[in-house]
Amino acid sequence: MIYLKTNDEIEMMKTAGKVVGSILYELRETVRPGVSTKEIGDYIERRIRGEGMEPTFLGYYGFPASACISVNEEVVHGIPSAERVLKGGDIVGVDIGATYGGWVADAARTYAVGDVSRKAADIISACEASFFEGLKHCLIGERLGDVGHAIQACAESRGYSVVRDYTGHGIGQQMHEDPQVKNYGAAGKGVKLMKGMALAIEPMINEGTYETETLLDNWTVVTADGKLSAHYENTVVITDGEPELITLDSREA
Ligand code: MG
C-alpha cells in the first residue's frame with residue numbers, strides 16, 4: 001500500500017529532512033583520521049535529539065545505535081564502535097534518520113577519510129552520480145523501473161556493480177514503506193510515480209561483485225569479495241514539477 005502524502009505531512013518530513021541534511025553536511029568536518037565510528041554516531045544522536053527529534057534508527061528492529069556507519073567493504077548497517085578508528089584512505093558510509101512529530105526523513109553519504117586512492121574517490125562520486133541520474137526520472141508519468149534503470153546504467157557504465165540485496169523504499173510515518181525502490185531494473189516497468197509519493201532513493205554500488213554477506217553481529221553487511229562499497233541516499237518527494245530533495249543541505253550544492 002503506497003501512502004501519498006499531503007502538503008502538511010510533507011512539511012513535517014521536510015523539517016526532519018533539514019536536520020538530516022545539515023548533520024550530513026557537518027560530518028564533512030567530523031569524519032577524519034583518528035575518529036572512531038562511535039564518536040561519529042554519538043555526534044549524530046546528540047544533534048538529532050538537540051533538535052527535539054528522535055533518531056529513527058535507534059531500536060529499529062533492535063538496531064543498537066542512532067546511525068549506520070559502514071567502512072570500506074561494509075555496504076550498509078555497520079554498528080558504530082569505539083574500537084573502529086578511521087584512518088586515512090578509508091571510505092565511510094553514514095546513514096541516518098530523524099523522526100519529527102511521527103514523520104521520518106532518511107539519507108546517507110559516503111565520505112573520504114583523509115587522502116584516499118583514486119579508486120575510492122571514484123566509487124564515491126559514481127554512487128552520487130548514479131543517484132542523480134535516477135533523480136532525473138522522478139517525474140509524474142515515469143515509473144520506478146525508469147529510476148532504477150538509470151541508476152544501474154550510470155553505475156555499470158563506470159565499472160561498478162549495483163547491490164541487489166538491499167534497496168530504497170517509500171518513507172513517511174514508517175521508515176520503510178511501499179514501494180520498494182530498486183537501484184536496477186527495466187525502463188518503462190514498475191509503479192507509476194505520483195504526486196505526494198515520498199521515496200528514499202539509495203544506490204549502493206560495489207567495486208567488485210554485487211553479492212553481499214552479513215557478519216556475525218547480524219547487522220553489518222559486507223561485500224562478498226571484500227572490495228569497496230559506496231552508498232548515497234536522499235529522501236525525495238514527487239511533485240507536479242521537479243522532485244524535491246528534502247535531505248540535501250543547500251550548502252552541499
Ligand atoms: Mg533508506
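No experiment lies behind these values; they were computed from the predicted model shown. For ligands, and for the atoms within them, numbers begin at 1 and follow the listed sequence.
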Residue [X] atom name (nearest to the Mg ion (ligand 1); N/O/S):
{"X": "Glu233", "answer": "OE2"}
{"X": "Glu202", "answer": "OE2"}
{"X": "His169", "answer": "NE2"}
{"X": "Asp106", "answer": "OD2"}

- Message: Looking at Arg46 and Asp42, is any side-chain nitrogen of the basic one under 4.0 Å from a carboxylate oxygen of the acidic one?
- Response: no
- Query: Would you say the side chains of Asp178 and Tyr3 form a donor-acceptor pair under 3.5 Å?
  - Reply: no
- Task: Would you check, one step at a time, whether the test salt bridge (Lys or Arg N to Asp or Glu O under 4.0 Å) holds for Arg49 with Glu54?
- Result: CA-CA 6 Å; Arg49 291 201 191 279; Glu54 295 297 320; 3.4 Å; yes
- Note on the structure: Of all heavy-atom pairs linking Ser229 and Thr223, the shortest is CB-CG2, 3.8 Å
